[in-house]
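Report on one structure; see the data block that follows.
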Amino acid sequence: MSESMRRFSIGYALAPKKQQSFIQVSLVNQAKERGVDLIRIDTDKSLVDQGPFDCILHKLPGEEWRNQLEEFSLRNPNVLIIDHPDAIERLHNRISMLQVVSELKVVSVGDNETFGVPKQIVIYSSEALLDPVVLQDLKFPVIAKPLVADGSAKSHKMSLVFNRDGLNMLKPPIVLQEFVNHGGVIFKVYVVGDHVTCVKRKSLPDVSEEKLASLEGSLSFSQISNLTGQDRQDENYYEAMHLDEAEMPPLSFITDIARGLQRAMSLHLFNFDVIRDVRVGNRYLVIDINYFPGYAKMPLYETVLTDFFCEIFQKTKEEKLKVDANCSNLVSSENEERKLLSNTCGDENDGDVPVLALSREEKENTLQV
Ligand SMILES: Nc1ncnc2c1ncn2[C@@H]1O[C@H](COP(=O)(O)OP(=O)(O)OP(=O)(O)O)[C@@H](O)[C@H]1O
Ligand SMILES: O=P(O)(O)O[C@H]1[C@H](OP(=O)(O)O)[C@@H](OP(=O)(O)O)[C@@H](O)[C@@H](O)[C@@H]1OP(=O)(O)O
Ligand SMILES: [Mg+2]
Ligand SMILES: [Mg+2]
C-alpha cells in the first residue's frame, strides 16, 4: 500500500454507557475522512486475537482487562496504548489523584493567580471518624468522598457534612475535604493531548456561616454537575446564579496547570474540576481529576478528538521513519564493517538485513505523544 493510502486504525474498549456517548456517528465519520478508523474491541473475546490496531483507547475496570492489555502489548510492542494502566490507576484514589496537583509548579504572571487543593484528610476506620484529634485541623462544612474513585456509582456518592453529627452515617474509607465556597460555579477543564478546553458548570451553592449554624447533619448528593434540569431540586437557585455571567479563569493559567498535570501524570485523556475560592478571588482549587471523561459534552469534541488522533498518527509515522533511517544507517555501517572484516577474514557473504524492533526507550518515547 502506498504511504498516501495508509490508514490509522484505533481500537477502542469502553463500557457500554461511555461507548454510547463517545462513539457518535459524527466522530466516526470525521475521523474516517481524515484516515482514521475507529474499531470496536469486542470485550467478550480475547484482545490478542483482535486487530490489527495502530493504537488502543480504553477505559474499562478490572485486573482482567489490565492483563489482556499487558499480553497484547508484549505481542504487539509497536501499538500505542492510550493511556498506560499504571498512569490511569493514580486517578482511582482521591488522595494520589490530588497529590500530583500539590507537587506541581506553575508560575503565574498577570493577576497572580494561585492554585492548590482543599485541605483534606483520609479516614480508614469508624474509630478514626469519631476521634476529635483526627479532625481538629478541618473546618466544617466538609465533603465526604469515597476514597476510591473507580467509576462505580458508589464512588460518586458524596455527602456535604455540616457538623460532627453528620459524620456518624459515613462509611470509611473516605476522604474528608473542606468545602470551599465558590459561587456555585465549577470549571471543568478537558485535556486531549495538547488541547485544553475549559467550560463552566453548575455546582453546589455556597454555605454561609449563618446557614451553617442552622443546618443539621449532612446532605447526600451524586454527580451534581451532571444533573439535568429535571433532577435539580432548587431550580430557582440556579436561575438566580446566572451561570453565563460567571467570569472564566485566565485560560493561560488553566492551560499551564493542564500541561503540568499532563506531563506529571503521563496521561493524554482526562479532565479536572476547578473551583475559585470566593474568599480569595484569584485562588483556584483543583478538587477532582477524571480519566477519559464525558468528551461528548465538550464543544467541537469530534474535531478536537480527530485532531488528536491525526497527531498521534503523524508522530507514529515520524517515529517509524526515524527507526527506518536508524535501521538503514545501521545496515550501511554493518555493511562497511563486514567489508572490512571480509578484507581481513575473507568472508564475502553480506548476510540478511537485521530487522530492528523498537527498543524499550523508543517504545516509551512513542507512548509519550
Ligand atoms: N472541596 C469542595 N468544595 C466545594 N465544592 C466541592 C468540593 N468538592 C466537591 N465539590 C462539589 O461536589 C461535586 C462532586 O465532587 P467531585 O467532583 O469530587 O465528585 P466526582 O463524583 O468525582 O465528580 P465527577 O462526576 O466529576 O467525577 C463537585 O462537582 C462540586 O460541585
Ligand atoms: O458520563 P459522562 O460521559 O458525562 O462522563 C463522566 C464519566 O462517566 P463515564 O466514564 O461513565 O462516561 C465519569 O467517569 P467515572 O468517574 O464514572 O469513571 C467522570 O469522568 C465524570 O466526570 C464524567 O463527566 P464529566 O466530568 O465529563 O462531566
Ligand atoms: Mg468531579
Ligand atoms: Mg470524579
Side-chain angles (χ1 to χ4, degrees), residues 14 17-18 20-24 26-27 30 59 91 97-98 101 104 106 108 110-111 113 115-118 143 149 151 156 158 180-206 221-232 234-235 237-262 265 267-278 281-309:
L14 302 169
K17 180 176 151 269
K18 176 62 88 192
Q20 207 184 5
S21 67
F22 183 72
I23 305 293
Q24 295 187 11
S26 50
L27 173 68
Q30 207 177 115
K59 181 175 178 177
L91 300 185
M97 171 201 284
L98 295 190
V101 180
L104 213 64
V106 170
S108 164
D111 280 347
E113 292 84 9
F115 73 98
V117 299
I143 296 206
H156 289 295
M158 316 262 143
V180 176
N181 282 335
H182 53 281
V185 178
I186 191 167
F187 304 102
K188 286 214 165 238
V189 184
Y190 291 90
V191 179
V192 181
D194 288 337
H195 180 95
V196 180
T197 303
C198 180
V199 299
K200 288 182 243 186
R201 294 268 185 84
K202 286 151 183 156
S203 181
L204 291 174
D206 291 348
F221 65 95
S222 181
Q223 296 203 282
I224 198 91
S225 62
N226 266 354
L227 296 186
T228 61
Q230 277 171 332
D231 299 326
R232 277 186 226 124
D234 193 358
E235 197 59 37
Y237 167 79
Y238 291 109
E239 272 165 23
M241 204 176 54
H242 298 298
L243 188 65
D244 294 348
E245 288 163 25
E247 192 193 326
M248 291 294 274
L251 190 58
S252 62
F253 173 67
I254 289 293
T255 303
D256 285 350
I257 300 176
R259 298 260 156 84
L261 286 177
Q262 187 202 13
M265 300 194 296
L267 288 176
H268 299 91
L269 302 173
F270 65 96
N271 77 355
F272 56 100
D273 297 342
V274 180
I275 54 176
R276 181 166 46 217
D277 190 337
V278 290
N282 54 2
R283 174 139 182 93
Y284 292 87
L285 301 160
V286 177
I287 55 166
D288 184 29
I289 311 179
N290 302 293
Y291 187 64
F292 209 138
Y295 282 120
K297 283 175 275 171
M298 179 178 81
L300 299 174
Y301 99 99
E302 299 94 334
T303 310
V304 173
L305 266 300
T306 304
D307 284 349
F308 171 66
F309 299 152

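We count residues from 1, following the sequence as given. Quantities reported herein were computed from a predicted structural model and do not represent experimental measurements.
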### Query
Rounded to the nearest 0.5 Å, what separation is found between the CE atom of M248 and the CZ atom of R276?
9.0 Å
### Task
Give the C-alpha distance, both sets of side-chain angles, the deciding distance and a yes or no for side-chain hydrogen bond (donor to acceptor under 3.5 Å, both in side chains) between N290 and D288.
CA-CA 7 Å; N290 302 293; D288 184 29; 3.2 Å; yes
### Query
Do F22 and F292 have ring centroids that are under 6.0 Å from one another?
yes
### Query
Where do M265 and I289 come nearest, in terms of heavy atoms and distance?
CE-CG2, 4.1 Å
### Query
Are any of the side-chain heavy atoms of T197 and V189 separated by less than 4.5 Å?
no
### Task
Decide yes or no for Q24 and Y301: does some side-chain heavy atom of the first lie under 4.5 Å from some side-chain heavy atom of the second?
yes
### Task
Inspect the surroundings of CD in Q20 and state if more than 12 heavy atoms from other residues, nucleotides or ligands are less than 6.0 Å away.
no
### Task
Return yes when atom CD1 of I23 has more than 12 non-hydrogen atoms of other residues, nucleotides or ligands closer than 6.0 Å, and no otherwise.
yes
### Task
Would you mind reporting whether Q262 and L267 have side-chain heavy atoms less than 4.5 Å apart?
no
### Task
Answer yes or no: is there a side-chain heavy-atom contact under 4.5 Å between K188 and V274?
no
### Message
Tell me whether the rings of F253 and F115 are parallel (<30°), tilted (30 to 60°) or perpendicular (>60°).
### Response
perpendicular
### Query
How far apart are the closest heavy atoms of V101 and G116, and which atoms are they?
CG1-O, 4.0 Å
